[in-house]
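First comes the structure, then the notes that go with it.
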Amino acid sequence: PINRVDLGPGLREYPLTIPAGVLVAGRYRISMAYAYHHRPSDVRNSEDERSLAVGWDSIRLDDAKDPGEPRADAGAGELFVPFGTEVAFYLDLKDGSRMHCKGLEASHAPGALEVWWAVDGQQDRPVATLEAADRAIEVALPIGFAGPTRIALRAVGSGRGNDAGVAVGMPTVYGPERTDSDEGRTETAGVPDPVSAAPPNVIIYLVDTLRTDRLGCYGHGLPVSPHIDEFASEGVLFEHVVAQSSWTKPAVVSILSGLGPLTHGVNGRRDRVPDSITTLAELLQGSGFRTAAFASNAYITEKAGFAQGFDDFEFGHARSHAVTDKVVAWLDAMPGAEPFFLYVHTIDPHAPYEPAQPYRERFASTVTVPAVGTFDHIRAIGRKEIEASDALVADMLALYDAEVAENDHAFGILMDRLRELDVYDETLIVFLSDHGEEFREHGVFGHGWDLYREVVDVPMIVRPPGGAGARRVETTVQHIDVVPTVLEAVGAEAPGWVEGESLWPFMVGEGSTEIGTRAAATYMDYEGREGIAISHDGWKLIEPLSEGFTPGPELYRRDGDPGEETNLTHEYPVRTGFLQAVARRQVLDRIAAAAEEMPGFDHDTRRALEALGYLR
């Protein structure tokens with residue numbers, strides 16, 4: 001504690017003196033604790049439920065000397081650190097890593113460069129103090145630790161001003177396996193061998209808004225998904241699949257292009273898939289596949305650009321059995337001389353939760369109020385006209401389960417028809433969801449609002465031709481992995497712009513060590529709410545990119561906190577900083593294609609969007 005202040009009403013200025021004894025070189029966090037707080041709704045007519053105490057207009061540090069900003073000269077390969085400042089890097093290191101630089105030069109005054117090292121749970125500690133030298137310098141980093149690390153370069157000296165500091169030549173961190181002979185070496189990727197002379201058919205079957213935890217093969221206790229569970233017993237089930245967004249349009253573009261939302265740029269409701277993006281359908285069409293898509297979500301339309309590469313494309317707001325009837329009719333009319341690619345997008349269990357009567361009677365018979373699950377009812381909950389009690393959440397989940405069961409039955413009909421046509425074992429089938437659904441876990445219902453686990457963890461099961469047995473994979477995978485997986489399965493090389501990695505090694509029982517080291521990024525920018533989540537090595541960071549998305553960064557340990565309830569940012573500042581650096585790089589490196597905006601929704605699309613609750 002350094003000070004206590006009694007605050008008065010209105011806008012005032014409060015000077016706070018920081019004792020000289022606590023001012024030492026290093027990092028600071030100033031915390032302000034308040035004797036009490038209120039929710040605006042408690043003291044006036046307001047829907048604001050935040051706990052608030054003080055609104056700060058600005059915070060100013062007086063008598064602090066500004067030494068200037070660190071700067072980098074990419075052409076000269078030089079980093080300049082002014083005296084009295086530090087530059088910190090968050091890196092995921094291997095045990096025994098080393099820092100190397102090509103030389104040091106102090107400008108305008110004697111000085112040195114201090115190298116500091118920090119990991120979670122330990123105090124920052126100095127590793128080395130480097131004097132000026134015109135030769136290469138190497139610093140051994142502490143051994144006995146691997147993982148996210150904070151390495152800070154501090155310039156210490158008596159000089160002041162923008163030109164007084166230490167110039168560092170090419171500061172670089174190498175892993176322990178690096179040798180001098182590695183410098184300048186490049187790796188070339190080989191072209192995958194075709195899996196067979198005749199490529200398999202390909203089906204991507206997407207169930208809109210399907211949560212992972214409502215399927216039996218993912219641990220649900222109710223028998224709502226017998227056909228999907230049977231399918232999983234013949235394929236490869238991925239236990240941790242990260243969706244690239246928490247709502248349909250950007251997620252589906254990622255599935256069909258192999259690009260993340262920050263690259264493809266299709267993140268708005270009226271955004272159109274630009275012609276500059278090459279889709280999986282176009283790639284397979286160019287390889288001789290007959291291509292067709294049947295979609296039931298009104299965002300996945302020809303007008304929105306999703307018909308690229310499809311010989312046949314049909315959108316219709318319909319339930320899963322009606323979609324299956326159309327797909328079966330298309331299969332029955334296929335001449336059979338060429339391989340086919342089918343994209344099937346079913347809409348149940350998307351809200352409103354209104355399952356057909358047989359499924360309602362079996363799985364939601366306890367729901368006695370007919371209005372529960374309708375959009376009028378869901379909107380009334382959002383307006384707080386109806387209390388979102390535990391009993392109400394249970395009713396809505398029961399209706400949701402009934403819709404999962406309805407979609408499961410339709411999926412089973414399609415699989416049976418593939419067997420009858422003798423193409424089931426000749427087809428690569430990818431079963432997945434675009435995103436999940438929230439049932440008040442973090443205070444809201446629906447999706448497209450935030451990036452918590454219930455909306456961005458999705459199921460994905462891949463059955464290669466001939467089946468693979470019941471195989472489960474713990475490695476984190478992503479939507480963007482679908483395109484390279486399909487291409488390797490049909491014997492084609494993934495274009496260099498594809499951001500995902502092929503999961504085909506898991507299909508043949510080889511696994512993949514490289515995939516497990518990647519960070520998975522989930523991004524959303526929906527109606528001004530923007531945020532990014534990074535999943536890596538059993539951890540997840542949610543970083544707000546717009547005001548009000550979350551109060552601040554949130555760090556969760558996935559295994560120990562499956563509900564993402566305990567924010568660990570303060571307990572693990574280095575892990576937080578490392579994942580924030582990953583998120584920052586994702587955002588700053590975005591190379592989004594110029595997504596076109598549709599002039600407006602036509603009558604049929606607008607009605608379908610209204611039926612899904614997107615428009616009123």
Side-chain angles (χ1 to χ4, degrees), residues 92 94 175 177 186-206 212 217-218 228 231-244 254-260 279-280 283-284 287 289 339 341 343 424-433 457-522 535-538 558:
D92 192 14
K94 296 181 179 180
E177 70 283 356
T186 58
E187 300 289 338
T188 56
V191 178
D193 295 327
V195 295
S196 63
N201 307 306
V202 177
I203 296 177
I204 296 177
Y205 189 100
L206 186 147
T212 300
C217 52
Y218 280 92
I228 298 170
F231 176 76
S233 71
E234 302 175 354
V236 179
L237 181 147
F238 293 92
E239 295 182 344
H240 183 202
V241 184
V242 176
Q244 249 61 67
S254 290
I255 291 168
L256 295 179
S257 70
L259 301 174
T279 66
L280 177 61
L283 293 171
L284 294 179
S287 297
F289 280 70
F341 167 50
Y343 174 70
Y424 184 68
D425 280 330
E426 301 172 3
T427 303
L428 171 73
I429 305 172
V430 180
F431 174 93
L432 80 170
S433 176
D457 277 26
V458 294
M460 184 161 72
I461 307 164
V462 182
R463 185 189 188 277
R471 189 177 302 147
R472 304 179 78 91
V473 175
E474 296 180 356
T475 302
T476 298
V477 300
Q478 310 173 61
H479 276 160
I480 54 176
D481 297 332
V482 171
V483 167
T485 301
V486 170
L487 292 175
E488 184 167 2
V490 303
E493 183 176 9
W497 42 257
V498 170
E499 295 174 351
E501 299 288 340
S502 173
L503 306 179
W504 188 252
F506 294 112
M507 304 301 114
V508 294
E510 296 176 357
S512 176
T513 58
E514 292 297 320
I515 289 178
T517 64
R518 300 177 303 163
T522 306
S535 299
H536 178 262
D537 194 27
R558 296 186 58 89

So, Thr522 side chain and Ala243 main chain: donor-acceptor pair closer than 3.5 Å or not? yes

Report the C-alpha separation of Arg472 and Phe506 in whole Å, then their side-chain angles, then the decisive distance to 0.1 Å, and conclude whether the side chain to side chain contact (heavy atoms under 4.5 Å, CB included) test is met. CA-CA 9 Å; Arg472 304 179 78 91; Phe506 294 112; over 6 Å; no

Got a second to check how far Ile480's CD1 is from Leu256's CG, nearest 0.5 Å? 13.5 Å

Does any non-hydrogen side-chain atom of Glu239 lie less than 4.5 Å from one of Thr475? no

Is a donor on one side and an acceptor on the other found under 3.5 Å between the side chain of Gln244 and the backbone of Ile255? no

Ignoring hydrogens and angles, state whether a donor on the side chain of His240 or Thr476 is under 3.5 Å from an acceptor on the partner side chain. yes

Would you please test Leu428 and Val486 for side chain to side chain contact (heavy atoms under 4.5 Å, CB included) and show each step? CA-CA 8 Å; Leu428 171 73; Val486 170; 4.0 Å; yes

Could you state the interatomic distance from CD1 (Ile203) to CD1 (Ile429), rounded to the nearest 0.5 Å? 5.0 Å

Quick one: are Gln478 and Val241 in side-chain contact, heavy atoms under 4.5 Å? no

Is a side-chain donor-acceptor pair under 3.5 Å present for His536 with Arg518? no

Short question: side chain of Ser433, backbone of Val458 - any donor-acceptor pair under 3.5 Å? no

Pairing of Arg558 and Asp537 as salt bridge, 4.0 angstrom limit: no

At their closest point, which heavy atom of Pro200 faces which heavy atom of Phe289, and how far apart are they? O-CE2, 3.3 Å

Can any side-chain N or O of Ser257 pair as donor or acceptor with the backbone N or O of Leu259 at less than 3.5 Å? yes

Of all heavy-atom pairs between Asn201 and Pro339, which one has the smallest distance, and what is that distance? OD1-CA, 3.3 Å

Residue pair Ile461, Ile228: steps toward the side chain to side chain contact (heavy atoms under 4.5 Å, CB included) verdict: CA-CA 9 Å; Ile461 307 164; Ile228 298 170; 4.0 Å; yes

Under a 3.5 Å distance rule, please check whether Asp481 uses its side chain to pair with a backbone N or O of Gly500 as donor and acceptor. no

List the atom of Arg471, the atom of Gly509, and the distance in Å for their closest heavy-atom pair. NH1-N, 3.4 Å

How long is the span from the CD atom in Glu234 to the CZ atom in Arg463, to the nearest 0.5 Å? 4.5 Å

How many angstroms lie between atom CG of Asp457 and atom OG1 of Thr212, to the nearest 0.5 angstrom? 5.5 Å

Hey, are the side chains of Leu283 and Leu487 touching, using non-hydrogen atoms and a 4.5 Å cut-off? yes

Could you give me the CA-CA distance, side-chain angles and deciding distance for Cys217 and Leu237, then say whether side chain to side chain contact (heavy atoms under 4.5 Å, CB included) is met? CA-CA 8 Å; Cys217 52; Leu237 181 147; 3.8 Å; yes

Donor-acceptor under 3.5 Å (Thr485 side chain, Leu503 main chain): yes

Looking at Tyr205 versus Tyr343, is the centre-to-centre ring distance below 6.0 Å? no

Heavy-atom closest pair (Gly260 atom, Glu499 atom, distance to 0.1 Å) is N-OE1, 2.8 Å

Starting at OH of Tyr218, measure out to CZ of Phe238 and round the result to the nearest 0.5 Å. 8.5 Å

What I'd like to find out is whether the side chain of Val482 reaches to under 4.5 Å of the side chain of Ile204, using heavy atoms alone. yes

